[in-house]
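We use all heavy atoms of the structure for the numbers below, so side chains are in, but hydrogens, waters and symmetry mates are not.
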Amino acid sequence: MAEFFTAIDDKHRAFIARQPIFFVATAAEGARVNVSPKGMDVFRVLGPNRVAYLDLGGSGNETQAHLTADGRITIMFCAFDNPALILRLYGTGSYHVLGDADFDALASHFPKLPGTRQIFDITVDSLQTSCGWAVPRMTLDKERDTLIRFHAQQDPAERLARIAERDKSIDGLPVRVQTVMLDPAA
């Protein structure tokens, strides 16, 4: 049975911290619905109605484009162990591109990772838990480090040149690209 809540409590926070993967869903009028899986230790609960996650460059940047156009976002966590549970966070989001003052204000909550692109900052309006009884039980073998290794070997000037060309989503919505690279050693 589904239950709705108006704020993230300690039990929800602990559940979120245990999950190795989360899913991000956004949409904008006239565009595709986007659902992205996210791994790594990049999600933070910042308060009872605020969460954020660090975003690395990868495929497209649909989440940013959709938040600019529409603002709505849903984050879903699934327990792949026991007890079964699904937790959805419903809210509105904004983004802070690497190099922005707002990015710098949030960056201390996250690891310094090669390929960092932006931080998504989400105001949680409500959350829902549901049984999750149809989600399979699985165990995590290990995290992938492929994306980190890929970004670590990139030449910063070449990477920024490629990024500069990616100013549209797959549906042609505008995307604000970063103009600086993170130095994980700094």
Side-chain angles (χ1 to χ4, degrees), residues 1-27 33-64 66-67 71-96 98 102-103 105-152 182 184:
M1 175 116 180
E3 283 188 79
F4 282 90
F5 303 87
T6 58
I8 299 167
D9 64 21
D10 289 341
K11 185 177 173 183
H12 300 132
R13 183 187 289 258
F15 175 77
I16 289 168
R18 288 192 309 271
Q19 304 317 308
I21 187 171
F22 61 99
F23 301 87
V24 177
T26 57
V33 173
N34 185 61
V35 179
S36 297
K38 304 290 180 183
M40 303 190 295
D41 182 27
V42 296
F43 193 90
R44 300 292 182 270
V45 175
L46 302 177
N49 292 96
R50 187 177 182 206
V51 298
Y53 73 90
L54 183 72
D55 181 60
L56 279 63
S59 53
N61 202 349
E62 300 309 298
T63 302
Q64 188 202 101
H66 290 173
L67 290 181
R72 295 175 303 146
I73 187 167
T74 299
I75 309 287
M76 183 179 76
F77 297 90
C78 298
F80 295 104
D81 57 1
N82 279 334
L85 185 69
I86 296 171
L87 172 67
R88 291 178 183 89
L89 306 175
Y90 301 103
T92 54
S94 60
Y95 61 90
H96 310 292
L98 178 65
D102 290 335
F103 177 93
L106 286 171
S108 65
H109 296 283
F110 300 98
K112 290 185 176 184
L113 298 174
T116 292
R117 174 168 57 186
Q118 61 206 340
I119 296 172
F120 288 106
D121 190 357
I122 299 148
T123 300
V124 177
D125 302 320
S126 67
L127 53 150
Q128 175 197 33
T129 58
S130 57
C131 68
W133 294 341
V135 174
R137 288 188 61 191
M138 297 187 287
T139 56
L140 175 65
D141 181 36
K142 66 179 183 176
E143 296 279 349
R144 295 182 198 267
D145 63 356
T146 311
L147 187 60
I148 299 296
R149 287 184 296 131
F150 170 79
H151 285 299
L182 178 74

S.K.: Taking only distance into account, with no hydrogens and no angle test, what donor-acceptor pairs under 3.5 Å do side-chain atoms of residues 33-40 form with protein atoms, sequence neighbours excluded?
M.R.:
| unit_1 | atom_1 | unit_2 | atom_2 | d |
| --- | --- | --- | --- | --- |
| N34 | ND2 | S36 | OG | 3.2 |
| K38 | NZ | D55 | OD1 | 3.3 |

S.K.: Got a sec, which residues hit side-chain contact (heavy atoms from CB on, under 4.5 Å) with R18, two or more places apart in sequence or on another chain?
M.R.: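 Only A14, F15 meet the side-chain contact (heavy atoms from CB on, under 4.5 Å) criterion with R18.
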S.K.: Starting at CG of L140, measure out to CZ of F80 and round the result to the nearest 0.5 Å.
M.R.: 10.5 Å
S.K.: For I16, check side-chain contact (heavy atoms from CB on, under 4.5 Å) against everything at least two apart and list the hits.
M.R.: F43, V45, F77, L87, L89
S.K.: Roughly how far apart are H96 NE2 and L54 CG, rounded to 0.5 Å?
M.R.: 12.0 Å
S.K.: Anything under 3.5 Å between a donor and an acceptor, one on a side chain of residues 123-135, the other on a protein residue two or more places apart or in another chain? List them.
M.R.:
| unit_1 | atom_1 | unit_2 | atom_2 | d |
| --- | --- | --- | --- | --- |
| Q128 | OE1 | R88 | NH1 | 3.4 |
| Q128 | OE1 | Y90 | OH | 2.9 |

S.K.: Compare every heavy atom of I8 with every heavy atom of G47, then report the nearest pair and how far apart it is.
M.R.: O-CD1, 4.1 Å
S.K.: Any side-chain heavy atom of Y53 sitting closer than 4.5 Å to one from I75?
M.R.: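 Of all side-chain heavy-atom pairs linking I75 with Y53, at least one is under 4.5 Å.
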S.K.: For residues 39-49, which residue pairs qualify under side-chain hydrogen bond (donor to acceptor under 3.5 Å, both in side chains), counting only residues two or more places apart or in two chains?
M.R.: D41-R44
S.K.: Take F120 and L106 through the test side-chain contact (heavy atoms from CB on, under 4.5 Å) and record every step on the way to the result.
M.R.: CA-CA 10 Å; F120 288 106; L106 286 171; over 6 Å; no
S.K.: Which atoms form the tightest heavy-atom contact between P83 and A79, and what is the distance?
M.R.: O-CB, 3.5 Å
S.K.: Any chance CG of D10 has more than 12 other-residue heavy atoms, nucleotides or ligands included, within less than 6.0 Å?
M.R.: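 No, not enclosed.
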S.K.: Look up atom CZ in R117 and atom OG1 in T63, then write down how far apart they are to the nearest 0.5 Å.
M.R.: 8.0 Å
S.K.: Roughly how far, to the nearest 0.5 Å, is CD1 of I122 from CD1 of I73?
M.R.: 4.0 Å
S.K.: Please evaluate residues D121 and D102 with respect to the criterion side-chain contact (heavy atoms from CB on, under 4.5 Å), reporting the C-alpha separation (whole Å), side-chain torsions for both, the decisive distance (0.1 Å), and the verdict.
M.R.: CA-CA 10 Å; D121 190 357; D102 290 335; over 6 Å; no
S.K.: Do the side chain of H151 and the main chain of L113 share a donor and acceptor less than 3.5 angstrom apart?
M.R.: no
S.K.: Just how far is it from atom CG of L182 to atom CZ of F103, taken to the nearest 0.5 Å?
M.R.: 6.0 Å
S.K.: For D9, give me all partners under side-chain contact (heavy atoms from CB on, under 4.5 Å), at least two apart in sequence or on another chain.
M.R.: K11, H12
S.K.: Show the nearest heavy-atom pair for residues A52 and I119, with the distance to one decimal.
M.R.: CB-CG2, 4.0 Å
